[in-house]
Amino acid sequence: MKLWICSMECAGIAEAGGVKNVAFSLCKEFSALGNDVTLFMPIYKCTSFDLITCLKNNAIRNIQIKHCGKDENISYSFGKCVDGDFSVVFVNHPAFSQKEDVYTYTKNEQKENPENVKGTGHKDTLFMDSLFAKSVARYCDFVEENALPDIVHCQDASTSLIPVFLKKQNQKSTPKTVVTIHNAGPAYHHNYSDINEARYYTELDDGQLLKAAVGCKIEPFLLAYNSGAALTTVSEQYAQELINPELADATEGLSAVFAERKIKIKGITNGIDYDRYNPEDVEISKLPFAFNPEKSGKEWLKGKYECRKALLKMLESKRSLEDISRYGYIEAGENCVYVSYHGRLTTQKGLSVLIEAIPYILGNFENVRFIITGQGELALEEVFKLLAEEFKGKLVFLNGYNKEIARLTTVAGDFIVLPSFFEPCGLEDFIAQIYGTIPVAHRTGGLNKIVDGKTGFLYEVNNCGSLVAKLSEVIAIKNSNPKIIEKMIKSAAIYVHKNYMWNFVVKNKYLPFFKEILKKVGKRY
């Protein structure tokens, strides 16, 4: 089939959150199965063209799109992704090309304009979302009817208006549309504050907008569904949570509306592209030493612990780390237990629970060390800086993003802690398991794919007491009977490799679902 995948980000091109990996892997694996795949995404100041060949800039230029009462000039550039063999159509407009990051302002942008605070979302996000959606829909005008897509697959709220504008434009042959909800938590679904704001950005009539209302807000996911799009999400468990009215607070009321209208949401758990992380190949993993957690014996894990030593040595030196600010340090020891966290520093990730638990753990276990890496909400960054100062030698905070440091943080841990309040799927648990690091996670959403006691550890109630109890339990096991952890390392690595590779997920989950959609002529999923 002909498949268009629309995303604001893609691994290796412009990266921000977990959507980047999904977009890239869907393109790569559908293409490998013989489908004609095209990725649509904007061009940012941070866009890398290292993976793009045959780039043709502005082959279609100066197309005018009426948007927010003005005529906006956009153009399209074309290329081929060499790591995946799929086509790419880039949308060019200053609203995108002037941005240094996909979703948030950078330190440099704040320096240039203090009102653009580092880590906060772009002020013109709604403008960007709707302009990109109109640009994708308008592109159909330049495509022969036999080259139009069978399915347009939109990634998350930022692209969820594409089905709306495709239908409004009344194409020669309107394709089937699918919108994947990656995160419906507060601030993630890009809703409009009221009908006036929605009308301004979408130019839709009030009747259409009111059918997508949740309270006074207008929801893009509902606009997409009402325009005929099938809705999916990134794990089976999160699909159930999204239609549970009791969890309405976690979605700003959206799940209650999904439940009331009996809207079906297909849950397909994200995979992981093992070939981008393989710890046996240092060229791929970008780690200094190779290892294989899927095999028995300490010799196969030697490289993991050499990677830890490399990170600790790096942290001892005074040389600067690219894109990373370092706070605190680690006093290494023969019998230390290392607990890592890598990811976005946001409220959703339950970091307030971790922050409260850290003093208790460090007070109870002399041999525990924390390695925290990430960036995000300034208030959380400041608290981790204070913890690094308070617990000298026991906690280091690496503020920023650097792929090498991010992966070393995960590899260096005996455990990775994931205390998310809600987690649609989760990628860090996969990466950790591939790298021989055992996840300790709150039982929520996609983190339920961790098999408690076999591939990781889960705890039920997400508060300080529960997290301290679970971390104390696993640290005690590591201290008293490390062979249990060694056995779990092997089981977890094999389990993920066998069940969650993207080629398996696309072939056995997405492809049958898309075939089912295409069969239902004139009917919604």
Side-chain angles (χ1 to χ4, degrees), residues 11-17 20 44-48 50 99-114 116-120 277 282-289 303-333 336 338-346 349 351 354-355 358 369-413 416 428 431 435 437:
I13 301 175
E15 302 186 347
K20 67 180 183 294
Y44 309 95
K45 188 177 286 187
C46 62
T47 298
S48 169
D50 291 348
K99 300 297 194 302
E100 294 186 359
D101 192 28
V102 177
Y103 303 116
T104 60
Y105 292 111
T106 65
K107 184 187 293 185
N108 184 57
E109 286 173 310
Q110 181 177 346
K111 186 177 179 181
E112 292 178 357
N113 182 353
N116 297 334
V117 178
K118 171 183 172 289
T120 61
Y277 297 93
V282 294
E283 290 296 317
I284 289 172
S285 70
K286 307 303 179 187
L287 297 171
F289 299 94
K304 172 181 169 69
Y305 301 121
E306 291 296 327
C307 287
R308 174 190 291 169
K309 289 179 183 178
L311 176 61
L312 295 178
K313 188 174 181 179
M314 202 181 296
L315 297 180
E316 286 174 2
S317 72
K318 294 186 178 180
R319 74 178 179 88
S320 62
L321 303 174
E322 185 180 354
D323 299 323
I324 294 285
S325 298
R326 174 175 34 193
Y327 300 90
Y329 61 95
I330 292 290
E331 290 179 350
C336 284
Y338 293 86
V339 180
S340 297
Y341 173 84
H342 166 256
R344 289 178 292 116
L345 305 185
T346 66
K349 297 297 182 181
L351 294 173
L354 176 60
I355 286 166
I358 283 173
R369 303 291 184 265
F370 282 91
I371 303 172
I372 311 292
T373 299
Q375 61 184 346
E377 295 173 18
L378 297 181
L380 292 171
E381 291 183 358
E382 290 303 315
V383 175
F384 281 117
K385 291 174 188 177
L386 292 173
L387 286 172
E389 176 65 24
E390 180 179 356
F391 296 101
K392 292 182 171 65
K394 295 187 176 184
L395 186 149
V396 65
F397 173 42
L398 304 174
N399 186 199
Y401 178 76
N402 170 305
K403 182 176 286 188
E404 177 189 8
I405 297 298
R407 293 191 178 186
L408 279 171
T409 296
T410 300
V411 172
I416 190 165
E428 293 301 325
I431 299 171
Y435 287 159
T437 303

Does the side-chain contact (heavy atoms from CB on, under 4.5 Å) test come out yes or no for F289 and V282, once each step is laid out?
CA-CA 6 Å; F289 299 94; V282 294; 5.6 Å; no
Start with the C-alpha distance between I431 and I416, add both sets of side-chain angles, then the distance that settles side-chain contact (heavy atoms from CB on, under 4.5 Å), and finish with yes or no.
CA-CA 10 Å; I431 299 171; I416 190 165; over 6 Å; no
For the pair K309 and E306, evaluate salt bridge (Lys or Arg N to Asp or Glu O under 4.0 Å) and give the outcome as yes or no after the intermediate values.
CA-CA 5 Å; K309 289 179 183 178; E306 291 296 327; 3.8 Å; yes
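In this structure, R407 has no salt bridge (Lys or Arg N to Asp or Glu O under 4.0 Å) partners at least two apart in sequence or on a different chain. With sequence neighbours excluded, no residue satisfies salt bridge (Lys or Arg N to Asp or Glu O under 4.0 Å) with K107. Residues passing the ring-ring contact (aromatic ring centres under 6.0 Å, His included) test with Y277, sequence neighbours excluded: none. Annotation: salt bridge (Lys or Arg N to Asp or Glu O under 4.0 Å) contacts of E381 (sequence neighbours excluded): K118. Among residues two or more places apart in sequence or in another chain, the ring-ring contact (aromatic ring centres under 6.0 Å, His included) test is passed with Y338 by none.
S340 has its side chain within reach of T409: a pair of non-hydrogen atoms, C-beta onward, lies under 4.5 Å apart. The side-chain heavy atoms of M314 and I405, taken from C-beta on, include a pair separated by under 4.5 Å. By the 4.5 Å heavy-atom criterion applied to side chains, Q110 and Y105 are not counted as neighbours. For the pair L378 and T120, the minimum side-chain heavy-atom distance is 4.5 Å or more. A 4.5 Å side-chain heavy-atom check between L354 and I358 finds at least one atom pair inside the cut-off.
A donor-acceptor contact shorter than 3.5 Å is absent between the side chain of R344 and the backbone of G17. Without hydrogens or angle criteria, E109 side chain to E100 main chain gives a donor-acceptor distance under 3.5 Å. Remark: side-chain polar atoms of N399 are not paired, donor with acceptor, to backbone N or O of T373 under 3.5 angstrom. With R369 contributing its side chain and A332 its backbone, the two residues share no donor-acceptor pair below 3.5 Å. Listed for the K304 side chain is a donor-acceptor partner under 3.5 Å among the backbone atoms of V411. Of the possible polar contacts, one joining the N402 side chain to the E322 backbone as a donor-acceptor pair under 3.5 Å is found.
Closest of all the heavy-atom pairs between E15 and V102 is O-CG2, 4.0 Å. T346 and L351 make their closest contact through N-CD1, 3.9 Å (heavy atoms, listed as atom of the first residue, atom of the second, distance). Counting all heavy atoms, side chain and backbone alike, I330 lies closest to V396 at CG1-CG1, 3.7 Å. For the pair L345 and Y341, the tightest heavy-atom approach, listed with the atom from each and the gap, is CD2-CE2, 3.8 Å. The minimum heavy-atom distance between L408 and L311, with the atom names listed, is O-CD2, 3.7 Å. Taking all atoms of both residues into account, the shortest heavy-atom contact from T437 to G413 is OG1-O, 3.1 Å.
Here the OG1-NZ distance, from T106 to K45, works out to 8.5 Å after rounding to the nearest 0.5 Å. The CG atom of L398 lies 7.5 Å from the CZ atom of R326; values are rounded to the nearest 0.5 Å. Considering CG of L386 and CZ of F397, their distance stands at 10.5 Å, rounded to 0.5 Å. Taking OH of Y329 as the start and CG of L315 as the end, the distance is 13.0 Å to the nearest 0.5 Å. Rounded to the nearest 0.5 angstrom, F384 CZ and L395 CG are separated by 7.5 Å.
The number of heavy-atom neighbours closer than 6.0 Å to CD of E112, taken from other residues, nucleotides and ligands shown, is above 12.
For residues 385-394, every residue pair satisfying the salt bridge (Lys or Arg N to Asp or Glu O under 4.0 Å) rule, not counting sequence neighbours, is listed here: E366-K394, E382-K385, E389-K392.
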